[in-house]
Amino acid sequence: MNLHAIEKKWQKKWSESNVFKVKEDSKKKKYYVLEMFPYPSGSGLHMGHAFNYTIGDIYARFKRMNGFNVLYPMGYDSFGLPAENAAIKAGIHPKDYTNKAIANFIKQQKSLGLSYDWSRMISTCTPEYYKWNQYFFLKFMEKGLVYRKEASVNWCPKCKTVLANEQVHNGKCWRHKDTEVEQKELEQWFIKTTEYAEELLEDLEKIDWPERIKVMQRNWIGKSEGVILKFDVINEKGEKIDEISTFTTRADTVYGITYLVLAVEHPKVIEWTKGTKYEMKVKEFIKKVKKKSIIERTAEGKEKNGVFLGKYFINPFTGDKCPLWVADYVLYDYGTGAVMAVPTHDERDFQFAKKYDLPMKVVITPKNKKLKAHEMNHAYVEKGILINSGKFDGMENEEAKEKIIELAEKKGWGKKTITYKLKDWLISRQRYWGTPIPIIKCPECGIVPVPYKDLPVMLPHNVKFGEGNPLTTNKKFVKTKCPKCGRDAERETDTMDTFFDSSWYYLRYADNKNDKEPFDKKKVKYWLPVDQYIGGAEHACMHLIYARFFTKVLRDIGFIDFDEPFKKLFNQGMLHGDDGAVMSKSRGNVVLPEVISKKYGIDTARFFLISLASPDKDLRWSDEGIEGSYRFIKKIMKYFKNVKIGKSSKKIESKLNKTIKLVTEYIQEFKYNLASIRLREFFDSLKEEESKETLETFLKLLHPFCPHITEELWEKIGNKPFISLASWPQYDESKIDEKAEACDEFIENVRKDIHSVKNIIKLKKINEIKIIVAPKWKYVFFEKIKKILEKTRNVREILKELMKTELKTHGKEISKIVPNLVKNNNKIPKIILSQKTEVQALKENKEMLEKEFNAKIIIETTEESKELKAKQSNPNKPSIILK
RNA sequence: GUGGGGGUGCCGGAGCGGUCAAACGGGCAGGACUUAAGAUCCUGUGGCUUAGUGCCUUCGCGAGUUCGAAUCUCGUCCCCCACACCA
């Protein structure tokens, strides 16, 4: 039977027998393995996807065999722009496009042999799912976490919709790397993710995630502790006309403030200049700045521009009067949108001050040097001692910072504050293929939430694609009655960001068919949280933040009782094509699993993918490389065809137990590549006759990687299906016999030596092989060393110990060997066999060697070193003479 | 610029203080089998040597710690990835 047929056979059997279907079982420990669910793209999946899912499948199978009740589901993130765009292009309705794509995905995934519980499948574009998006939206609203606000928002001209901050990468749309995001003033729906900023940050400590993802999230949340300072704004005559606040983390530099800058978006900029001679210039400046793209405006190191506002403020610490400016380097949506400037101790302020010739005042200086403002080329940002700072002079700046904040708070000039870079989540989208936001706009009552009983708000099928938001083109959808007053009203036509869908899907798997509630709390309590999550790093600051946020909110409104959705996270590497670039349809370097499966079998492909490299690293597909795995699989098939079931040797038992130990550890730690090597090694040592147990264990160890052929062979050696449900082998430490393995290694060395001797003297045919095992005393010597080695591996100590022993009789030899030992200390073997053991091992393997070399073997032992032609210094090797 | 990860033989990639001239795979070379090819199996694959011992040079480059470094420390160069005027 060919490999392809075997795959089909077992995939069918698994499916028919519902092997991977699970339900809650309080007697069994659960384990939840989850891969980030895919967006079902029309182009189907390639080997890169196969690699992802294989990583999870191996883990799920491993845990299942280890007795866990394993939840391993699959679903589809099926709302989203690509479907809508593809639909527009090809003239198909997004729904049809998506459903077709999903059907194709399922077919492909099944043929990879993935052990999903398909009965739990979900698709986010179905009303059965998105109903609960709407439900949660309303719950969030009740909790006060949803609001509508006009704001400057990110707009992608290609997507024709607004985007959340997380979806803007380097000023460009996350879907269109070539499209600059524009800023538009629009009224939009937001979710208060910022309310959970602190917890999102703190709880990173609780979870077992790759450090780099945690770092990325920490940076994204961007906590900084500082103080908000309030300044009196005065006009040219010195009369107080207003106040302005700034945020700073460097309260220690307040005596060095020489001016203050506002962001161009700051409303005070217009307010203060209105009707003054500065108005024109300021307006012109704002216009010019707003024209620029985000990148142009915010890239670090860009030249800074600004305009004087004609107003001043008083620095309460010094009483100084300083000018107010507007500048393009100040971010409106961070802190207060205004910055106190200390040119001598902030590089940006320094550059700005130099350019516009603003005053500078040094307030911190290194201990051994006096800084002078006019001599500086850069701002001084290191630690130092305060000067020119009134009563704080001479204080270390870190200490001064605390004291100054105290003073500011006491005097009412400022307040200790924490700010975050994290912004609220903008969730409304002006596109069709998403969850309708369940809101009705009534001219009388205003914004009215759709009552729970009216959910779901169905996404209408008939809309016109093209200009603007397609939902507005369906009058039947838009026109409705106000649930409060019953008058004519209109529906919200914005849909939700699809990241809303993916923020809770992992909960729905626990109870995917529930139509009364989003999920049964008891079921979720049993299965959740996810024990092992698997996915790429690209979601570090998007999905992985939203999902964590969602979890915390659901906990607070009483749906769940845990804090973090994903206890452990594994980031797999990216699969690259033969050309070295990331495998993708657009690159044209994709390898299709079905093609490989036909030629080599999918087990071969799976084994190849995981043996290439550690799965957390990027790897490169190679058409040649897979041949090696193919050979291995074929060898296994052939071996099982011919193997005699009988008894296994002690040596094999030892190896087997060691292999169990190692492979188990390797899989546990996602070191699949090392597991594959160990399996190969072990397989190579199998003999023509082995015990059933040995063979079974080997198949079990191989099963997570190659599920199909192992099922087949499992059956072939007389077992009932399914190996998928068999229990993982346990190793017996006492059966691991290092000595037996050392013997094996010894024989292997002898074999290699015979080969090299044969090569060197270029003997084609050998009649006789004489193996002379070294003199006895050396073994005595090594026995001693061995004893010492048990105590220490430190060479110096070994030597010390050796001096104490009574090896005087062999003083000469020792004097030769010991320096050698010291020089090549790496040559100290871990296990030293005795002469007797070696001879015994040789005798046992005599027949095998004779057969291989087709020669007679003579084994000799000797007490005399002379006979060995003197030079030999490594007594751990026998001498070999060929005839 | 900041943070994270890397640089290993012809190639992919293990190893992360001693059994390291470096796992495992690929490639290449030689041999066995075969009429031949393929498949399969065996051997070799840094250099010099050579009755197997041994010696030299190698894990980006330079220095150091150690009896001993691919592995630890410092410096340096290069590559990748993320963040990017966050006050």
Side-chain angles (χ1 to χ4, degrees), chain A residues 169-171 210-213 215-216 218-220 222-224 226 246-250 253 261 295 297-302 304 327-331 333-336 338-342 345-349 351-352 419-421 537-538 540-541 574 608 611-614 616-622 624-629 631-632 634-635 638 671 673-674 676-681 742 745 752-761 764 793-799 820-832 852 868-874 876-882:
Chain A
H169 296 164
N170 276 324
E211 198 48 40
R212 65 188 189 116
I213 302 288
V215 168
M216 279 161 86
R218 267 184 215 119
N219 290 341
W220 188 259
K223 177 180 181 173
S224 43
T246 66
F247 174 75
T248 183
T249 54
R250 292 296 305 274
T253 64
V261 230
I295 305 184
R297 273 185 61 187
T298 60
E300 191 182 315
K302 279 268 144 58
K304 294 155 184 51
D328 56 359
Y329 75 94
V330 180
L331 303 171
D333 46 14
Y334 181 77
T336 62
V339 183
M340 58 171 232
V342 185
H345 305 296
D346 182 284
E347 189 56 32
R348 295 151 302 181
D349 299 344
Q351 285 173 25
F352 192 79
T419 61
Y420 301 91
K421 281 200 269 184
E538 67 274 15
C541 297
M574 294 264 249
F608 173 57
S611 58
L612 256 178
S614 174
D616 57 349
K617 292 212 168 141
D618 286 355
L619 28 121
R620 190 168 170 165
W621 177 267
S622 116
E624 280 163 348
I626 194 171
E627 294 286 347
S629 300
R631 266 174 225 146
F632 181 56
K634 278 195 292 189
K635 255 199 271 182
K638 199 174 150 197
K671 292 178 178 165
N673 54 329
L674 299 183
S676 82
I677 289 165
R678 186 67 207 183
L679 284 168
R680 285 183 110 117
E681 269 174 30
E745 213 170 289
K752 279 192 175 159
D753 287 344
I754 299 173
H755 268 297
S756 37
V757 175
K758 195 180 145 194
N759 279 348
I760 288 156
I761 58 177
K764 276 226 162 173
R793 299 284 296 177
N794 182 309
V795 174
R796 196 186 270 166
E797 281 171 39
I798 293 170
L799 287 174
N820 205 10
L821 255 179
V822 174
K823 202 167 161 204
N824 301 305
N825 48 57
N826 50 353
K827 299 251 160 75
I828 303 170
K830 237 183 209 154
I831 299 252
I832 297 151
E852 181 177 346
L868 293 173
K869 296 208 169 181
K871 275 199 282 170
Q872 184 176 353
S873 62
N874 187 351
N876 212 31
K877 273 189 169 180
S879 285
I880 289 156
I881 298 164
L882 301 183

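Proteins come first, then strands; the chains are lettered A, B, ... in the order of their sequence lines, and each starts at number 1.
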Indicate whether OP1 or OP2 belonging to C86(B) is found under 4.0 Å from a side-chain N or O atom of K223(A). no

What is the nucleic acid contact for S622(A), judged by heavy atoms within less than 4.0 Å: base, sugar-phosphate only, or nothing? nothing

Quick one: label E681(A) by what it contacts on the DNA or RNA (base, sugar-phosphate, nothing), any heavy atom closer than 4.0 Å. sugar-phosphate

Atom P, compared across G46(B) and C11(B): separation rounded to whole Å: 13 Å

For L331(A), which contact category applies under a 4.0 Å heavy-atom criterion: base, sugar-phosphate, or nothing? base

Among A82(B), C85(B), A23(B), the one nearest any side-chain atom of R348(A) is C85(B)

Walking RNA chain B from its 5' end, the first of K638(A) and G335(A) to be reached, judged by nearest nucleotide, is K638(A)

Whole-angstrom distance between C83(B) and U19(B), as gauged at atom C1': 45 Å

Taking the same atom, P, in C77(B) and in G62(B), what whole-Å distance lies between them? 15 Å

Minimum-distance nucleotide (side-chain atoms of R680(A) versus G25(B), A14(B), A87(B)): G25(B)

Mate of G1(B) where both pairing distances stay under 3.5 Å, Watson-Crick or G-U: C83(B)

Sugar-phosphate only, base, or nothing, as touched by T248(A) at under 4.0 Å among non-hydrogen atoms: sugar-phosphate

Under 4.0 Å, heavy atoms only, any strand: does L619(A) hit a base, just the sugar-phosphate, or nothing? nothing

Using a heavy-atom cut-off of under 4.0 Å over every strand shown, decide if V339(A) touches base, sugar-phosphate, or nothing. base

Just to be sure I understand the rule, does S614(A) reach a base, reach only the sugar-phosphate, or reach nothing, if contact means heavy atoms closer than 4.0 Å? sugar-phosphate

Pair assignment for C28(B), Watson-Crick or G-U wobble, requiring both distances under 3.5 Å: G44(B)

Taking any heavy-atom pair under 4.0 Å as a contact, classify R678(A): base, sugar-phosphate, or nothing. nothing

Using both distances under 3.5 Å as the test, list the Watson-Crick or G-U wobble partner of A21(B), or none. none

Give a yes or no on whether a salt bridge exists between K634(A) and E627(A), defined as a side-chain N under 4.0 angstrom from a carboxylate O. no

Base, sugar-phosphate alone, or nothing: which one does V342(A) contact when heavy atoms must sit under 4.0 Å apart? nothing

